Amino acid sequence: MALSGLEIFKLLPKTNCKKCGMPTCLAFAMAMAQKKVGLDKCPDASEETRQKLAAAAAPPMSVVAFGTGDAACKAGGETVLFRHEEKFHSPTVVAVTLPDTLDAAAMQDRAARIKGFAFERVGEAMPVNAVAVMNTSGDAARFAAAAEVARTTGKAILLVTESPAAAAAALAKVKDARPLVCAATAATAEAMAKVAAEAKCPIIARASDPEALAALTEKLKAAGCDAIVLWLDAPDAWSAMAGLTAIRRLALKKAFRPLGYPTIAFATQGTPEQQVAAAAALVCKYAGIVVVDTVEPWAMLALLTVRQNLYTDPQKPVQVEPKLYAVGDANENSPVLFTTNFSLTYYTVESDVEAGRIPAWILCVDTEGTSVLTAYSGDKLNEKTVAKAMKAADLESKVKHRKLIIPGHVAVMSGKLEEETGWQVLVGPRESSVIPRYLKEVWSA
Ligand code: SF4
């Protein structure tokens, strides 16, 4: 937590020597509190002062990185409790289990399914990030073999075991992939910390309440582990959410360093529906990593969509490039529709046009990433901006007809748009989902 000017002043030498270029130590402290100068300008500051100020300046929640190359993941680094206060920084890492009790064929099959997950929404890739290798067998050799299979997915790896010996066996095979070692408990802290520290890999601390977790992280730090993730061992998703919320508050609002780490939560119980519901809730509050057992694509899509929505920057609308897009094999006779460059609006319209199976042009008008009605009421969508977009896209050379289909919500701009462009305006549906029927009934008729 940042210190006030007076708190900084109490730590300074108070000699008013002016070596820092300020008239007094108080003036220097005030400037430091406003981040206008750094402590390096005061040559007489004690080592203790330097350490205290460095600790106060440290972020309230550390970032933990694991995986390498394309599989590199990071969790933590969050600074706020609520997204609208600023934004969330590290999208929750989504991991899928790979139990080491599967036979060879089933394990390869599951790994291939995890590797094959490829989701995209509103123009963004939504990756499944990691594989959680589960030492369900309790056998070190099986665990190590499963870790090697996990590597073939190209995802980051979590090594989930209670046994330091099994963790060491798996690390011997995959430590170059910088896996996350899961987990040290009060009973295994020393041994597990030794295994993780030797492999230079981050570690998870597991305990059943925040107090015990705080004690455990201090123990792990003393044993040489700085990259720590917290696992609050809760009986159900509701208890986990309550516990993770308490941890986030303590870390961010009280600057309680022993809990200033990202968290992990497991939503591996119950049906795929139950797992996804629990995992989605845990993405909201406040899992930095969430592990599910299901490999159902529909379940994964739902979970990844929740994550994507939560981790956009609320102050920056997600935009697509404003230009003319061809849907299907659009040609000179194809209909032309326009919409705005708000990502969700554009991709909704695009998928509905696609569903109509009539090749078409979509003119994407630059409205600074706002939706149709918002842009219209803010005067970012009017006859002039549409005409400008038509000209920029050289629409007259793309189609022989001079007909423009406009969103039903802005039917009111038809007259002015016709005057401005000379094109015939056709008022399209108010709801994008009606576009396929509209194109069949109006354009193809
Ligand atoms: Fe005070 Fe340090 Fe500046 Fe001297 S250099 S006036 S001790 S803050």
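None of the values given here were measured: they were computed from a predicted structure.
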A quick test of your reading: do over 12 heavy atoms of other residues, nucleotides or ligands sit less than 6.0 Å from [atom1] of [X]?
| X | atom1 | result |
| --- | --- | --- |
| D70 | CG | no |
| E190 | CD | no |
| K14 | NZ | yes |
| E218 | CD | yes |
| Q308 | CD | yes |
| E120 | CD | yes |
| W238 | CH2 | no |
| E48 | CD | no |

Within-4.5 Å side-chain heavy-atom neighbours: [X] and [Y]:
| X | Y | value |
| --- | --- | --- |
| F66 | I289 | yes |
| L232 | T263 | no |
| M192 | P164 | yes |
| T348 | V122 | no |
| V96 | V292 | yes |
| M134 | T101 | no |
| K221 | D226 | yes |
| V37 | C20 | no |

Is it the case that the side chain of [X] and the backbone of [Y] share a donor-acceptor pair, with hydrogens and angles ignored and the cut-off at 3.5 Å?
| X | Y | value |
| --- | --- | --- |
| R121 | L301 | no |
| K285 | A281 | no |
| K155 | V128 | yes |
| D100 | T136 | yes |
| S163 | A165 | yes |
| T49 | L11 | yes |
| R307 | P91 | no |
| E78 | H89 | yes |
| N16 | C25 | yes |
| T385 | K380 | yes |

Could you tell me the separation between the [atom1] atom of [X] and the [atom2] atom of [Y], rounded to the nearest 0.5 Å?
| X | Y | atom1 | atom2 | answer |
| --- | --- | --- | --- | --- |
| L381 | F342 | CG | CZ | 14.0 Å |
| K87 | Y311 | NZ | OH | 12.0 Å |
| W361 | L363 | CH2 | CG | 11.0 Å |
| Q108 | K115 | CD | NZ | 10.5 Å |
| L259 | R249 | CG | CZ | 14.5 Å |
| D109 | D103 | CG | CG | 10.0 Å |

Which heavy atom of [X] sits nearest to which heavy atom of [Y], and what is that distance?
| X | Y | result |
| --- | --- | --- |
| E431 | H409 | OE2-NE2, 4.0 Å |
| A302 | V276 | CB-CG1, 4.0 Å |
| V386 | M413 | CG2-CE, 3.9 Å |
| F143 | A166 | CD2-O, 3.3 Å |
| G224 | A197 | O-CB, 4.4 Å |
| G154 | A71 | O-CB, 3.3 Å |

Does any donor atom in the side chain of [X] or [Y] lie under 3.5 Å from an acceptor atom in the other side chain?
| X | Y | result |
| --- | --- | --- |
| T188 | T185 | yes |
| T217 | R257 | no |
| D352 | S433 | no |

Mind telling me whether F88 and Y286 have parallel, tilted or perpendicular rings, with 30° and 60° as the class edges?
-> perpendicular
Going through the distances and angles, do M300 and M126 end up as a side-chain contact (heavy atoms from CB on, under 4.5 Å)?
-> CA-CA 10 Å; M300 209 55 71; M126 301 195 299; over 6 Å; no
Looking at V64, L158, L282, T92, which one forms a side-chain contact (heavy atoms from CB on, under 4.5 Å) with I264?
-> L158
Apply side-chain contact (heavy atoms from CB on, under 4.5 Å) to the pair L213 and Y261, showing each step before the final yes or no.
-> CA-CA 11 Å; L213 264 181; Y261 300 99; over 6 Å; no
With side-chain contact (heavy atoms from CB on, under 4.5 Å) as the test, would you mind laying out the steps for L159 and L171 before giving the verdict?
-> CA-CA 8 Å; L159 297 173; L171 281 168; 3.8 Å; yes
Hey, is D379 close enough to K384 for a salt bridge, meaning N to O under 4.0 Å?
-> no
Show your working on side-chain contact (heavy atoms from CB on, under 4.5 Å) between L39 and R50 and close with a plain yes or no.
-> CA-CA 7 Å; L39 189 62; R50 289 182 198 286; 3.6 Å; yes
